[in-house]
Amino acid sequence: MALAGVRVIELAGLAPAPFCGMILADFGARVIRVDRTKGAMTVDTQARGKRSVALNLKNPKGVAVFKRLCVQSDVVLEPYRKGVMEKMGLGPEDLLKENPRLIYARLTGYGQSGSYAKAAGHDINYLAMSGLLSMLGRSSEKPYAPLNLVADFAGGGLMCAFGIVLALLERSRSGQGQIIDASMVEGAAYVGSFMWKSRSLGLWNRPRGENMLDSGAPFYDTYCTSDGKYMAVGAIEPQFYQQLIKGLALDDADLPAQMSVSDWPQLRQTFTRVFATKTQAEWSRIFDGTDACVTPVLSLDEVLSHPHNQARGSFFKDSQGEISPRPAPVLSRSPAEPCHSRDPFIGEHTRSVLKEYGFEQAQIEQLLSAGIIECNEAKARL
Ligand SMILES: C[C@H](CCC[C@H](C)C(=O)SCCNC(=O)CCNC(=O)[C@H](O)C(C)(C)COP(=O)(O)OP(=O)(O)OC[C@H]1O[C@@H](n2cnc3c(N)ncnc32)[C@H](O)[C@@H]1OP(=O)(O)O)[C@H]1CC[C@H]2[C@@H]3[C@H](O)C[C@@H]4C[C@H](O)CC[C@]4(C)[C@H]3C[C@H](O)[C@]12C
């Protein structure tokens, strides 16, 4: 796999950093998640392929263990508020001094500088600060965040993984590590570059929810079918729009022009009425194999059995029967090989990882009895 041999230490976080770690693991990195001790509960639902070490970083001996892990690693990924790592003596200066090849990725909402750097926040706040949230939502409604996809995952976890891969590539030339300051505000804004750079085209001149790509246009929207499901319509170009009209068995001569914005409400009414006359399966049969850009809106449970997704193996079931997307993109020679086994218990791999990193059995037992580390192999065997 592309990242085979890369050793990553991920500090347990909420959602963006776990996703970043999972991407790296899917593509072959050996990712160790460092969890808290004292009966900590995991909120990591993106733990595929990771191992867990339970380590108390509030104790200097725990800090020393962490440093020893980092000295032998390529990447450390930390998702805490600015200053938390420095307070524990684990800031980039401390760790890079001991391992100059280390890539120190800091994934936060607001970045490491600026007046918000230390503020708590979540996806919706970062999205708001990126400017993008102001553009998301239906006409005459308040801004609406599309789950926590944009800042946490696209602008956060994914962008951070990209930064790590870039830093690894650069290190192969320079031999040096570096610090990555991954702000979810900036990552989200960067993902949204199209919005800034397409303003000159007039694509966003109208209020929120009334533009072509923000559900303003009737040919770029979803429609309810007679069985209460939905179809997605993205028929922008005239030649594709004609196929939409044909599939709906409408006559172009009876309809206003596609780009007549003032007629969009009327056109939407027509499409709404027609889509409501057939089931999703019936519309899918009509539009499959055409260029009308009309597809069923599939639920998370339906994606696995759709023939196209099935043909490509786009989704898979793990050993627990959980459906997940296959890692993307697909590399021809060294594709990702996602782990199919269950997620790790907290501390399940403490002992084996410490041994792997050169700790003696006696040292491990000492750390264990002092409560610096916790081991949970027994739970794993149950
Ligand atoms: C699904 C829910 C998650 C939703 C995601 C949400 C929408 C997001 O947007 S996530 C993005 C959040 N932002 C960031 O990550 C930006 C960077 N980080 C921060 O700004 C902050 O970390 C923070 C604001 C996110 C949190 O601040 P906090 O004050 O809590 O922490 P920090 O200041 O960063 O300091 C960390 C402290 O921790 C200490 N530490 C760290 N490691 C160790 C260690 N190994 N040993 C000892 N100490 C350690 C460190 O020293 C710091 O200490 P100090 O403060 O003293 O300095 C899910 C959200 C909640 C979940 C539910 C919940 O958990 C309960 C259940 C749990 C169960 O297991 C599963 C079901 C739950 C219901 C669970 C379900 C979901 O997962 C959630 C709803």
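Side chains included, hydrogens not; waters and symmetry mates left out as well; all remaining heavy atoms used. Both ligands and their constituent atoms are indexed starting at 1 by order of listing.
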Strictly below 4.0 Å, N to O, side chains only: are Arg106 and Glu86 in salt-bridge contact? yes
State the atoms of ligand 1, each with its element, that fall below the 4.0 Å cut-off from a heavy-atom position in Gly109. 16 (C)
Set out, in order, the CA-CA distance, both residues' side-chain angles and the distance that settles side chain to side chain contact (heavy atoms under 4.5 Å, CB included) for Tyr357 and Arg68, then state yes or no. CA-CA 8 Å; Tyr357 277 73; Arg68 205 161 146 187; over 6 Å; no
Any protein heavy atom under 4.0 Å from atom 52 (C) of ligand 1? yes
Checking side chain to side chain contact (heavy atoms under 4.5 Å, CB included) for the pair Thr279/Thr225: CA distance, chi angles, key distance, verdict? CA-CA 5 Å; Thr279 64; Thr225 55; 5.5 Å; no
Phe271 vs Tyr241 aromatic rings, parallel, tilted or perpendicular, using cut-offs 30° and 60°? tilted
Which of the ligand 1 atoms, numbered from 1, are nearer than 4.0 Å to a heavy atom of Met88: 51 (O)
What one should report as the nearest heavy-atom pair of Asp252 and Ile245 is N-CG2, 4.0 Å
Are Pro79 and ligand 1 in contact, using a heavy-atom cut-off of under 4.0 Å? yes
Looking only at heavy atoms, what is the nearest atom pair of Thr350 and Gly347, with distance? OG1-O, 3.1 Å
Does atom 49 (C) of ligand 1 have a protein heavy-atom neighbour under 4.0 Å away? yes
Give me the residue, atom name and distance of the protein heavy atom closest to atom 39 (C) of ligand 1. Arg36 NH2, 3.6 Å
Checking contacts now, so for atom 5 (C) of ligand 1, which I'm interested in, is there any protein heavy atom under 4.0 Å? yes
So that I can tick it off, tell me whether Asp35 and Lys50 are bridged by a salt bridge, with the cut-off set at under 4.0 angstrom between side-chain N and carboxylate O. no
Could Glu374 and Arg36 be called an ion pair, given the rule that one side-chain N must be under 4.0 Å from one carboxylate O? no
Counting only heavy atoms, tell me which of Leu57, Val43, Asn148, Val84 gets closest to atom 46 (N) of ligand 1. Leu57
Close N or O approach (His122, ligand 1; < 3.5 Å): no
Can you find an N or O of Tyr80 that's nearer than 3.5 Å to an N or O of ligand 1? yes
In the protein, what heavy atom is nearest to atom 59 (C) of ligand 1, and what distance, to one decimal place, separates them? Leu14 CD2, 3.8 Å
Return the residue, atom name and 0.1 Å-rounded distance of the protein heavy atom closest to atom 57 (O) of ligand 1. Lys87 NZ, 2.9 Å
Could you check whether atom 1 (C) of ligand 1 has a protein contact, counting only heavy atoms that fall below 4.0 angstrom? no
Tell me whether atom 55 (O) of ligand 1 lies less than 4.0 Å from at least one protein heavy-atom position. no
Give the contacting part of Pro16 toward ligand 1: side chain, backbone, both or neither, where contact means a heavy-atom distance below 4.0 Å. side chain
Glu356 and side chain to side chain donor-acceptor pair (under 3.5 Å): which partner among Arg30, Gln72, His349? Arg30
Looking at Met184, which atoms of ligand 1 are within less than 4.0 Å of one of its heavy atoms? 14 (C), 15 (O), 16 (C)
Provide the closest heavy-atom pair for Ser183 versus Gly109 in the form atom of the first, atom of the second, distance. OG-O, 3.4 Å
Would you say atom 72 (C) of ligand 1 has a protein heavy atom nearer than 4.0 Å? no
Any protein heavy-atom neighbour for atom 30 (O) of ligand 1 (distance below 4.0 angstrom)? no
Does only the side chain of Ala120 get under 4.0 Å from ligand 1, or the backbone, or both, or neither? Count heavy atoms. both
Kindly identify the option in Arg81, Arg33, Lys58 whose heavy atom sits closest to atom 28 (P) of ligand 1. Arg81
Any heavy atom of Thr45 under 4.0 Å from ligand 1? The part involved is neither
Using the ring of each side chain (for Trp, its six-membered ring), is Trp264 parallel, tilted or perpendicular to Phe219, with breaks at 30° and 60°? perpendicular
To check you understand the geometry: which heavy-atom pair defines the closest contact between Gly121 and Tyr126, and what is its length? O-OH, 2.8 Å
Determine if the distance from atom 43 (C) of ligand 1 to the closest protein heavy atom is below 4.0 Å. yes
Heavy-atom distances under 4.0 Å are what count here, so tell me which part of Asp123 touches ligand 1: side chain, backbone, both or neither. both
Does Asp35 approach ligand 1 within less than 4.0 angstrom via side chain, backbone, both or neither, non-hydrogen atoms only? backbone
Ligand 1 to Tyr126, heavy atom cutoff 4.0 Å, flagged ligand atoms 12 (C), 13 (N), 14 (C), 16 (C)
Ranking Thr42, Ile124, Leu127, Asp152 by closest non-hydrogen atom to atom 70 (C) of ligand 1, top hit is Thr42
Please walk me through it: do Ile236 and Cys293 pass side chain to side chain contact (heavy atoms under 4.5 Å, CB included)? CA-CA 8 Å; Ile236 301 173; Cys293 308; over 6 Å; no
Can you name the atoms of ligand 1, numbered from 1 with element, that are less than 4.0 Å from a heavy atom of Met41? 67 (C), 68 (C), 69 (O)
Could you go through the side chain to side chain contact (heavy atoms under 4.5 Å, CB included) check for Asp221 and Arg138 one step at a time? CA-CA 11 Å; Asp221 204 350; Arg138 291 271 172 182; 2.9 Å; yes
Does Glu322 come within less than 4.0 Å of Arg48, counting only side-chain N to carboxylate O? no
Ring centroids only, cut at 6.0 angstrom: are Phe315 and His306 within range, meaning strictly under it? no
Taking only non-hydrogen atoms of Leu55 and a 4.0 Å limit, the atoms of ligand 1 in range are 44 (C), 45 (N), 46 (N)
